[in-house]
Amino acid sequence: MSSWPATPPAHLTAPALHLNRYQIADLFAAHLGLQSPAEPEALARLATSYIKPHFFAAQMGITGVNFATPEGTLVLLENESNLRFTATLPKVHLALMGLEKVIPHLSDLEVMLRLLPASATGQRLTALVHFIQGLKVQPQGNQIFYLVILDNGRRRLAANPELAEALYCLRCGACLNVCPIFQVGAAHLYGRVYPGAIGILLAPYLPPVGDICDLCTQCGACQEICPVGIRLADKIRGLRRRSRGFRRLRAVTTAAGAVLSQPRWYRALEPATRRLAVLAARRGWGLAGLPALSPESFHKRQRGRRGKPLTGDENQSRPPRPACQAPRSLAPDGALAGKLAAQEYPHLDSLTALLAKRLGEAGSSLAEVKGPADLARRLAAEAEPLWLEDHPWLRPVAGELEKLGVRPRTAQDEWAPMAGTVVTVGLGAIPETGSVLVDSGAGPGAVLGFRARKQIVLLDRKRSRLSLAQALEYVRGRGPGLVSWLTGPSRTADIEKVLVLGAQGPVNLEIVLYQEEA
């Protein structure tokens, strides 16, 4: 891995966005000695097969943190499942976070979960959301855990009343996607970790400290798109007022502003200014390419039209301003969404239909079974080797499978090897996002979903209709360990933005509403 080229990432959420599929294939061949067709899915599978053994051999895993609460919950959002590998498999897990990541309560995360995925990748929720509370269990005992809270200039930034709101940033990258400067040179143009508008605000505080506020056109698109309402363009303008690199320009614009603010000054100086502009154009004083001046000034043109009726667009008045409206809730109308989903799944109630619809959108599926025999018949057709979590629901299912000539394996005292299909028991489901809650830190069974082509998660129907708020409250009271929300299979779109399911872990995810026989 040490021979890998030191190419800086091009984007906060898609580091290899500046490379096309052929360049990535050439890199794999040159530095890993691995050949692959220049197709995004083939390249993603090749990268997965190469890097996966390193996760299982690693002694320490280092991850970032998206949010943290004073109660001691760390929240990590991802799509590829690399975070889950890194935080679970090694003997030591070190989580590194900026001090601005702390939110008051876990319940406050609801609005963040609605904002961040939608702004970053256009998803209702990322493929995986992890909640870490306390130590995680491994076969050899509790995993060693360290939390490092990083300052690195953040306290100085927080003490600046003009720029402190830059710490509200979710790192979604939305401001990058609409920035005309970023589109020209990507993150490499900025020469630092955080590019774009937010990078300009952070540059004077986070190393390497510098002034890059000239990398802005002041178009204001970043300020309009920012999901947390950071006044990016206004703050960059404030930095420019104090920037040493703009002293001469500020002197010119200040003088021009003083003249333009006084109509009499402007009208008196206009003839001389127009003559100077014509002379400069003739002699080529660095003004080539500028549009030609109009034959007469706006003031003279308007004075000549006094008393004449206005025609055309000039007679159109400005549209009235819209009346102020109360802000709408970010929460969607669950009842309406459920009714619409029930039209597509008429045999299901509204919430179950909504869960099925959202699962389908995320690349998963929903089924219903009743009792061990019914479940065993369904599992008998799945790819082998078939691994089961050691759970009371699944012990009688193992006996039914053996009657059908299928010998399942149960994860008990050691990590499961590669599997065709794994069956685990979930904690609940969120119809709104199509997410299923699983315990990802409870010993050998937790790793089952890492090493299979297909994962089947059994759910109690009563726990399959949680709201986001209820799911967060459930996680808060769950206690030590790692709870993950799975919204479809893991995925990546880093190679030319082509979606590949099963980046790390199962390609197929099926949710089964299971009812024990009386």
Side-chain angles (χ1 to χ4, degrees), residues 1-2 4 48 50-103 106 109 126-152 154 171 387 389-391 410-418 422 424-425 427 437-452 472 474-486 490 503-505:
M1 297 293 286
S2 59
W4 192 262
T48 296
Y50 177 82
I51 198 173
K52 183 171 288 186
H54 294 276
F55 285 115
F56 286 86
Q59 296 300 301
M60 172 184 267
I62 303 176
T63 70
V65 176
N66 289 98
F67 305 100
T69 68
E71 299 105 317
T73 303
L74 304 182
V75 185
L76 289 67
L77 280 72
E78 63 163 334
N79 280 306
E80 296 86 356
S81 197
N82 292 324
L83 278 177
R84 180 165 65 163
F85 274 61
T86 305
T88 306
L89 296 179
K91 296 178 181 178
V92 180
H93 174 208
L94 186 150
L96 179 67
M97 57 171 273
L99 55 83
E100 80 278 13
K101 299 295 185 180
V102 180
I103 59 176
L106 191 60
L109 187 65
T126 50
L128 300 103
V129 181
H130 307 297
F131 299 84
I132 300 175
Q133 298 183 111
L135 299 178
K136 300 182 287 294
V137 179
Q138 289 186 329
Q140 66 271 24
N142 286 340
Q143 184 188 47
I144 300 171
F145 176 74
Y146 298 97
L147 174 64
V148 176
I149 300 178
L150 191 65
D151 181 345
N152 200 30
R154 288 168 172 82
R171 307 294 192 264
W387 279 82
E389 180 184 351
D390 188 14
H391 189 275
T410 303
Q412 293 178 328
D413 299 326
E414 60 184 21
W415 298 113
M418 290 300 295
V422 299
T424 61
V425 177
L427 307 173
L437 284 64
V438 299
D439 192 334
S440 292
V447 80
L448 281 174
F450 293 12
R451 313 198 69 183
L472 289 171
Y474 176 83
V475 168
R476 190 187 66 81
R478 175 74 180 176
L482 171 62
V483 174
S484 298
W485 296 2
L486 310 181
S490 62
Q504 292 278 15

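Atom set for the values below is all heavy atoms of this structure, side chains included, hydrogens, waters and symmetry mates excluded.
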query = Considering residues at least two apart in sequence or located in another chain, which fulfil the side-chain hydrogen bond (donor to acceptor under 3.5 Å, both in side chains) criterion with Arg476?
reply = Glu473

Test item: Val438 and Val483 side chains (from C-beta on) under 4.5 Å apart, heavy atoms = no

query = Which atom names give the shortest non-hydrogen contact between Ala68 and Leu74, and what distance separates them?
reply = CB-CD2, 3.7 Å

message = So, using side-chain hydrogen bond (donor to acceptor under 3.5 Å, both in side chains) as the criterion, who are the partners of Asn66 when residues are at least two apart?
response = none

Residues that Phe55 engages under ring pair (Phe, Tyr, Trp, His ring centres under 6.0 Å), provided they are two or more places apart = Phe85

query = Listed by chain and number, what are the side-chain contact (heavy atoms from CB on, under 4.5 Å) partners of Glu80, not counting sequence neighbours?
reply = Asn82, Thr492, Asp494, Ala503

ask   = Among pairs that include at least one residue of residues 68-79, which meet salt bridge (Lys or Arg N to Asp or Glu O under 4.0 Å), considering only residues two or more places apart or in two chains?
value = none

Residues in side-chain hydrogen bond (donor to acceptor under 3.5 Å, both in side chains) contact with Ser484, at least two apart in sequence or another chain = His130, Ser440

message = Whether the side chain of Gln143 engages the backbone of Pro90 through a donor-acceptor N/O pair (distance < 3.5 Å, no angle test) should be reported.
response = yes

key: Contacts of type side-chain contact (heavy atoms from CB on, under 4.5 Å), residue Leu99, not counting sequence neighbours   = Ile149, Asp151, Arg154, Arg155

task = Provide the closest heavy-atom pair for Glu389 versus Val425 in the form atom of the first, atom of the second, distance.
result = OE1-N, 2.9 Å

request  = List in chain and number order the residues that pass side-chain contact (heavy atoms from CB on, under 4.5 Å) with Thr63, two or more places apart in sequence or in another chain; answer none if no residue qualifies.
outcome  = Leu76, Leu83, Thr86, Ala87, His93, Ala95

request  = Identify, with sequence neighbours excluded, every residue that meets side-chain hydrogen bond (donor to acceptor under 3.5 Å, both in side chains) alongside Thr48.
outcome  = none

inquiry  = Rounded to the nearest 0.5 Å, what separates atom OG1 in Thr73 from atom CD1 in Ile132?
reply    = 10.0 Å

ask   = Which of these, Leu482, Leu109, Leu437, sits in a side chain to side chain contact (heavy atoms under 4.5 Å, CB included) with Phe131?
value = Leu109

request  = Give the intermediate values and the outcome of side chain to side chain contact (heavy atoms under 4.5 Å, CB included) for residues Leu128 and Asn79.
outcome  = CA-CA 6 Å; Leu128 300 103; Asn79 280 306; 5.9 Å; no

task = Provide the closest heavy-atom pair for Leu427 versus Asp439 in the form atom of the first, atom of the second, distance.
result = CD1-N, 3.9 Å

Val475 versus Trp485, closest heavy-atom pair with distance = CG2-NE1, 3.7 Å

inquiry  = So, using side-chain contact (heavy atoms from CB on, under 4.5 Å) as the criterion, who are the partners of Tyr146 when residues are at least two apart?
reply    = Val92, Leu94, Ile144

note = When rounded to the nearest 0.5 Å, the distance separating CG of Leu106 from CG of Leu472 is 5.0 Å

query = Between atom CZ of Arg171 and atom NZ of Lys101, what is the distance when rounded to the nearest 0.5 Å?
reply = 5.0 Å

ask   = Which atom names give the shortest non-hydrogen contact between Ser490 and Ala127, and what distance separates them?
value = CA-CB, 4.1 Å

